[in-house]
Amino acid sequence: MSQSQETLSNLLQETRRFDPPAELAEAANVKADAYDEAATDRLGFWERQADRLTWAKRWDTVLDWNNPPFAKWFVGGELNVAYNCVDRHVEAGKGAKIAFHWEGEPEGDTRTLTYADLQREVNKAANALLELGVQKGDRVAIYMPMIPELPISMLACARIGATHSVVFGGFSADALKTRIEDAQAKLVITADGGYRRGKPSSLKPTVDEAAAAADCVEHVLVVRRTGEEVAEHERDVWWHDIVDRQTDQHTAEPHDAEHPLYILYTSGTTGKPKGILHTTGGYLTQVAYTHHAVFDLKPETDVYWCSADIGWVTGHSYIVYGPLANGATSVMYEGTPDTPHRGRWWEIIQKYKVSIFYTAPTAIRTFMKWGDDIPAQFDLSSLRVLGSVGEPINPEAYVWYREHIGANKTPVVDTWWQTETGAIMISPLPGVTAGKPGAAMKPLPGIVADVVDDQAQAVPNGGGGFLVVKEPWPSMLRTIWGDDERYVKTYWSRFDGLYFAGDGAKKDEDGDLWLLGRVDDVMLVSGHNISTTEVESALVSHPKVAESAVVGATDPVTGQAIVAFVIPRGSAGEEVEGEDFIKELRDHVSKTLGPIAKPRQIMIVPELPKTRSGKIMRRLLRDVAENRSIGDVTTLADSTVMDLISEKLPSAK
Ligand code: 6R9
């Protein structure tokens with residue numbers, strides 16, 4: 001959005017409200033007074049949250065913000081993340097408690113890890129890393145399937161003070177090499193492969209190529225998962241050869257609160273990937289607190305499942321560090337939701353009696369498309385809190401999730417955050433908030449965020465603009481690895497002294513926040529800024545639509561015109577072909593949002609292009625809408641999707 005443009009039009013009206021169930025509200029971990037408590041003494045509030053952790057040395061200063069935007073939290077404090085996530089629970093007599101119910105994709109392939117098991121495994125892996133010459137401060141790249149050795153490797157790194165950099169299994173050799181070199185990782189941990197869609201899917205050949213091309217890799221540590229044959233090189237070491245023979249004793253040394261815990265690369269749309277750096281004390285404090293507050297976790301009775309991949313920040317914070325710091329019992333699943341059948345996730349929830357479930361809108365819309373009858377075949381009555389992350393959740397998807405997965409009783413928490421923020425920033429609290437479908441509602445206690453106009457002035461209720469964070473927060477990124485200047489320029493230069501996240505948002509009449517997607521995606525139609533999210537949500541509110549993606553295409557008359565891509569619902573059948581259906585949808589949007597938002601063109605497609613964390617890649621759809629050749633598809637989860645779309649649309653090659 002340029003300076004002169006008006007802020008986002010506020011089109012969507014949503015009046016449904018869902019109060020927290022009385023019982024949940026009564027027993028909630030966090031009640032309404034937390035907002036006041038944090039507002040009165042924000043730093044004191046975060047100190048009390050840091051006390052959830054076990055510190056080897058207490059901090060002297062809670063926040064050092066003398067050199068903004070470079071923050072230091074809990075200055076002088078020392079702690080060990082692995083000790084906090086594992087050992088201290090064993091020492092507290094909870095060694096027999098289950099940390100992970102791991103479910104492999106092949107049915108019946110399961111493993112159970114208690115906290116005592118995890119302690120032994122992490123210690124052995126830490127000893128193996130030391131034997132391989134990894135020292136405190138070194139970087140380790142991890143490229144693995146969703147198997148227990150992945151969190152074990154991360155915790156082993158954290159234990160010895162090595163900084164891990166997890167790269168999505170599935171990125172190309174070139175993408176992996178760039179990330180390995182940027183971090184100068186001397187070790188890569190991988191596996192022969194993992195299971196995806198019912199078949200072994202290899203990883204090792206990609207690592208071989210990347211490690212050979214990178215200038216820094218000394219060893220590749222390989223877990224045998226699929227047993228498929230792999231090429232062996234001198235730098236390779238099998239996990240079972242080196243880890244299994246280590247002692248399971250290792251003393252965790254405390255690390256400085258600001259010691260680098262991990263780097264995670266965000267691809268962004270342009271330029272080289274940014275290595276987002278997270279450190280130790282503040283990060284663990286905020287992931288532990290938010291996991292406790294937002295999911296109302298009761299570690300003794302809940303079974304928690306976050307369906308994300310650990311290669312995404314959601315997996316780092318809400319499969320590994322937050323839940324383990326809180327001593328939770330979690331489910332971890334290796335594979336895809338449709339293997340061997342489309343009810344696999346619901347079967348897993350039934351099997352382990354999952355009570356808290358955290359997933360992404362893209363998955364929810366896929367289930368809507370597959371049909372209500374699938375979840376209906378399973379007993380999901382154990383569920384009590386549902387979460388959503390990754391994209392704005394369309395009101396219709398929210399209501400479907402609540403109704404068909406949550407039996408119309410569970411609160412849905414729509415959690416806004418980013419790789420850069422490290423932990424949840426804006427979200428309802430399940431025992432406090434009367435939920436509005438599609439709204440992330442309010443900054444969490446201790447977080448100061450707002451919506452501002454292009455002059456950095458807070459917009460009034462009812463207005464839209466840029467989402468900013470106004471005060472530093474414990475789990476904030478500390479820099480971009482090796483590039484402080486890019487850190488300042490990317491996040492802190494648009495508005496003086498404010499962190500600008502890149503997202504647009506609006507404040508409704510009650511002051512509650514609605515996320516509207518990346519500002520780069522906002523469309524300018526006849527002088528009105530219209531959010532892609534609102535038009536998508538209007539389309540998804542039509543009973544025959546499962547998913548949609550909306551882009552602005554250059555138009556001689558209106559500047560930009562709205563072009564929509566629509567996936568019909570599974571149950572909609574034959575009626576969804578043809579001009580009548582398209583007219584029906586255009587009219588529906590016009591009626592819901594106003595004539596200004598009526599799409600110029602609607603294309604019915606079988607699939608949408610998405611990243612591996614499920615975000616729609618609108619850039620590629622803009623290429624289609626503007627009849628250009630299609631740009632870089634390397635970060636697509638499924639690179640064949642663009643062919644499928646082009647086939648359907650002979651004109652859009
Ligand atoms: C955790 C994660 C960050 C971007 C973020 C925003 C979008 C995430 C959202 C959401 C609306 C939500 N996003 N959660 N938009 N409502 N609840 O997704 O991190 O992969 O870095 O993506 O995702 O656009 O800026 P990351």
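Residue indices begin at 1 and follow the sequence shown. Note: hydrogens, waters and symmetry copies are ignored here, and every other heavy atom, side chains too, is used. We count ligands from 1, going down the list as the structure has it; atoms in each ligand are counted the same way. None of the values given here were measured: they were computed from a predicted structure.
R384 and D302 are joined by a salt bridge, as a carboxylate oxygen and a charged side-chain nitrogen come within less than 4.0 angstrom of each other. Salt bridge K507/D512: absent, no basic N to carboxylate O contact under 4.0 Å.
Taking a 6.0 Å sphere around NZ of K489, one finds it holds 12 or fewer heavy atoms contributed by other residues, nucleotides or ligands.
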**Prompt:** Please walk me through it: do D508 and W514 pass side chain to side chain donor-acceptor pair (under 3.5 Å)?
**Reply:** CA-CA 8 Å; D508 67 17; W514 300 68; 3.0 Å; yes

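Rounded to the nearest 0.5 angstrom, E391 CD and D414 CG are separated by 11.0 Å.
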Check ligand 1 for close polar pairs with the protein: N or O on both sides, less than 3.5 Å.
residue, atom, partner, partner atom, Å
ligand 1, 13 (N), G390, O, 3.2
ligand 1, 14 (N), G390, N, 3.0
ligand 1, 15 (N), P392, N, 3.4
ligand 1, 16 (N), E391, O, 3.3
ligand 1, 17 (N), D414, OD1, 2.7
ligand 1, 17 (N), T415, O, 2.8
ligand 1, 18 (O), K615, NZ, 2.9
ligand 1, 19 (O), T419, N, 3.4
ligand 1, 20 (O), W312, NE1, 2.8
ligand 1, 20 (O), K615, NZ, 3.4
ligand 1, 21 (O), T419, N, 2.8
ligand 1, 21 (O), T419, OG1, 2.5
ligand 1, 22 (O), K615, NZ, 3.1
ligand 1, 23 (O), G390, O, 3.3
ligand 1, 23 (O), K615, NZ, 3.1
ligand 1, 24 (O), D503, OD1, 3.0
ligand 1, 24 (O), D503, OD2, 2.9
ligand 1, 25 (O), Q418, NE2, 2.8
ligand 1, 25 (O), D503, OD1, 3.1
ligand 1, 25 (O), D503, OD2, 3.0
ligand 1, 25 (O), R518, NH1, 2.8

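Counting heavy atoms from C-beta on, the side chains of R402 and N408 come closer than 4.5 Å.
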